[in-house]
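If you read the sequence from its start, that first residue is 1, and numbering goes on from there. What you see is a predicted model, and the numbers here were worked out from it, not measured in a lab. In listed order, ligands and their atoms are each counted from 1.
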Amino acid sequence: MPSIMPIFGTRPEAIKMAPIVAALQQSEHFDCVITVTGQHREMLDQVNELFGIVPDHDLNILQPRQSLSAIMTRTIDGLDKLFTDNKPDAVIVQGDTTTSTAGAIAAFYHGIPVVHVEAGLRSGDLFSPFPEEANRKLTSQIASLHLAPTSVSKANLVAEGIDPADIVVTGNSVIDALLTTVGKKIPFTDPQLEGLATSGKRILLVTTHRRENQGGAMQGVGRALARIAAAEPGLVIVLPVHKNPAVREAVLPALAGKSNVIVTEPLAYGEFTRMLSLAHIVLTDSGGVQEEAPSLGKPVLVMRDNTERPEAVDAGTVTLIGTDEERIFKEVDRLLHDQEHFHSMANAVNPYGDGNAAARTVAAVGHLLGIGDRIEEFTA
Ligand code: UD1
Ligand code: UDP
């Protein structure tokens, strides 16, 4: 039986790989061997625990304030040793993290076919998001099978010269993860959040972590949130803050002592998706949240100047606002007070998936390895 090795290391990869791992484990055609790099630790383990994922191999590479080169070299070195004794028939990597690209390179060097999930996203700016735009372009050069979430991402790959025969549009497995989790109404561990859930108060849910926003831009995000909190005493700002110390140092100082700002540790995925469903507005620089919030009909303000996820911008539920303090304040203010504007953005749209991306992924991997026919692609 062919062995397939999903390789992942960060929170968003784990969330998006979880439905694929489940589908592989249910398949009678494959042996699924799970390898995690441990690029994230607490935030990775949190997801694995929720989805019942028990890694077969854990490279445990995390270092506090790790450099990009350290993630790359420690992953390639760990996988190099692993592949010497355990050579799978294919690896699956997800997205644009350094774990993902390092996993692809290590597999490629060992002659192992690389399946790239969430292939073809492009912002068009090599330096933003950094280093993710470069990471995903590098992986595209060496992957054998490119699983594009949407027809837009497929078109990006074709424009770069990738053979359409090697691309399959599957939808994004984040929607599979969301749909199996969000309805469960998982209780909040933090009693403040459970109280908030039944308070009827409007919630501004915020996440921020992008490397290129760290430092001055993220300090400005903190100041903007402090101004919103002061101007809107009836609103509650919920900020599950990323584990990265550089994020905490930048965003938290301006928020100290604000009674209507709740800062929490990263929420377990079940709790986060419940908070997403309760939120009035979402303010984020996250990739995954840009995909999830539109399918719940939440207006999303994205604190970036560009996006590799234009589908929800085109659908009108996502607006790119950058990181300028004044602009963040004004855009939140407008959504809070201009009902027509709010309703024009608060539409549930599903450009990213229908919940069947994992099944398509496993079928496409089968086709790559000579099991089954080419599948019918996802259309939005
Ligand atoms: C990484 C990815 C980014 C992705 C993000 C998702 C790269 C280069 N970056 O960025 O694409 O959007 O994950 O969140 O691949 N830390 C912990 N515990 C954890 C996680 C992080 O302590 O569970 C701390 C460590 O000090 C670590 C730092 O956060 O050094 C940064 O983590 P890292 O994975 O390097 O970068 P992210 O900003 O999380
Ligand atoms: N998420 C979570 N808990 C949180 C914040 C986010 O489970 O406290 C989930 C969110 O639902 C999404 C994913 O984490 O699926 C996004 O991860 P992140 O923003 O760290 O990375 P990105 O998607 O930007 O690469």
Side-chain angles (χ1 to χ4, degrees), residues 8-19 36-51 60-72 74-75 93-103 118 121 129-136 139 172-178 181-182 186 188-190 193 205-214 218 238-250 263-277 279 282 284-293 295-296 298 302-304 307-309 352:
F8 52 101
T10 66
R11 169 173 67 191
E13 291 167 85
I15 291 167
K16 291 171 173 179
M17 203 68 99
V36 296
T37 64
Q39 176 178 336
H40 284 176
R41 189 74 277 164
E42 301 90 331
M43 289 164 57
L44 171 71
D45 296 345
Q46 212 177 21
V47 180
N48 285 344
E49 195 183 316
L50 176 74
F51 289 103
N60 202 22
I61 66 158
L62 175 82
Q63 294 171 312
R65 296 178 193 263
Q66 58 203 353
S67 71
L68 297 175
S69 301
I71 305 169
M72 179 62 83
R74 286 162 71 82
T75 298
V93 296
Q94 196 288 331
D96 53 21
T97 66
T98 296
T99 279
S100 163
T101 302
E118 200 183 77
L121 277 64
F130 179 88
E132 289 83 1
E133 178 80 353
N135 278 350
R136 54 195 171 219
T139 302
N172 197 313
S173 57
V174 78
I175 303 300
D176 301 30
L178 178 70
T181 311
V182 72
I186 291 174
F188 293 112
T189 315
D190 183 338
L193 297 183
L205 178 60
V206 185
T207 78
T208 181
H209 73 83
R210 292 250 80 82
R211 245 181 173 83
E212 66 275 11
N213 286 350
Q214 287 163 18
M218 218 173 264
V238 177
L239 173 65
V241 68
H242 195 284
K243 279 282 180 196
N244 192 339
V247 171
R248 294 179 175 214
E249 285 158 12
V263 176
T264 70
E265 287 298 314
L267 295 177
Y269 186 60
E271 297 190 37
F272 186 80
T273 56
R274 183 169 167 219
M275 186 50 73
L276 205 50
S277 69
V282 179
T284 190
D285 61 17
S286 162
V289 177
Q290 275 180 72
E291 295 156 342
E292 294 162 336
S295 76
L296 300 177
K298 305 298 173 176
V302 172
M303 297 182 284
R304 289 179 46 187
T307 183
E308 56 290 310
R309 296 167 166 91
Y352 298 111

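Between the side chains of T10 and T97, no donor-acceptor pair is found at a separation under 3.5 Å. For the residue pair E271 and T189, a side-chain donor N or O sits within less than 3.5 Å of a side-chain acceptor on the partner.
Surrounding CD of E49 are at most 12 heavy atoms belonging to other residues, nucleotides or ligands under 6.0 Å away.
Taking K298 as the reference, nothing meets the salt bridge (Lys or Arg N to Asp or Glu O under 4.0 Å) condition, with sequence neighbours excluded. Here H209 pairs with H242 under the ring pair (Phe, Tyr, Trp, His ring centres under 6.0 Å) rule; sequence neighbours left out.
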Using the salt bridge (Lys or Arg N to Asp or Glu O under 4.0 Å) rule, take K16 and E13 through it: C-alpha gap first, then chi angles, then the decisive distance, then the call. CA-CA 5 Å; K16 291 171 173 179; E13 291 167 85; over 6 Å; no

Test E249 against R65 for salt bridge (Lys or Arg N to Asp or Glu O under 4.0 Å), laying out the working first. CA-CA 12 Å; E249 285 158 12; R65 296 178 193 263; 2.4 Å; yes

Filter the ligand 1-protein atom pairs down to N or O on both sides and distance under 3.5 Å, then list them.
| unit_1 | atom_1 | unit_2 | atom_2 | d |
| --- | --- | --- | --- | --- |
| ligand 1 | 11 (O) | E132 | OE2 | 2.4 |
| ligand 1 | 12 (O) | R210 | NH2 | 3.0 |
| ligand 1 | 13 (O) | H40 | NE2 | 3.2 |
| ligand 1 | 14 (O) | H242 | NE2 | 3.1 |
| ligand 1 | 15 (O) | Q39 | NE2 | 2.9 |
| ligand 1 | 15 (O) | T98 | N | 2.8 |
| ligand 1 | 18 (N) | E42 | OE1 | 2.8 |
| ligand 1 | 23 (O) | R41 | N | 3.0 |
| ligand 1 | 23 (O) | E42 | N | 3.2 |
| ligand 1 | 23 (O) | E42 | OE1 | 3.1 |
| ligand 1 | 23 (O) | M43 | N | 3.0 |
| ligand 1 | 26 (O) | R65 | N | 3.0 |
| ligand 1 | 30 (O) | Q63 | O | 3.0 |
| ligand 1 | 30 (O) | R65 | N | 2.9 |
| ligand 1 | 30 (O) | Q66 | N | 2.9 |
| ligand 1 | 34 (O) | Q39 | NE2 | 3.0 |
| ligand 1 | 34 (O) | H40 | NE2 | 3.2 |
| ligand 1 | 34 (O) | Q66 | NE2 | 3.2 |
| ligand 1 | 35 (O) | Q66 | NE2 | 3.0 |
| ligand 1 | 36 (O) | R211 | NH1 | 3.2 |
| ligand 1 | 39 (O) | H40 | NE2 | 2.7 |
| ligand 1 | 39 (O) | H242 | NE2 | 3.1 |

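With respect to Q290, the side-chain hydrogen bond (donor to acceptor under 3.5 Å, both in side chains) criterion is satisfied by exactly one of T284, D285, T307: T307. Across E118, R309, E292, a single residue satisfies side-chain hydrogen bond (donor to acceptor under 3.5 Å, both in side chains) together with N172, and that is E118.
Protein residues are said to neighbour a ligand when one of their heavy atoms lies under 4.0 Å from it; for ligand 2 these are R11, P12, I15, H209, R210, P240, P266, L267, Y269, F272, S286, G287, G288, V289, E292.
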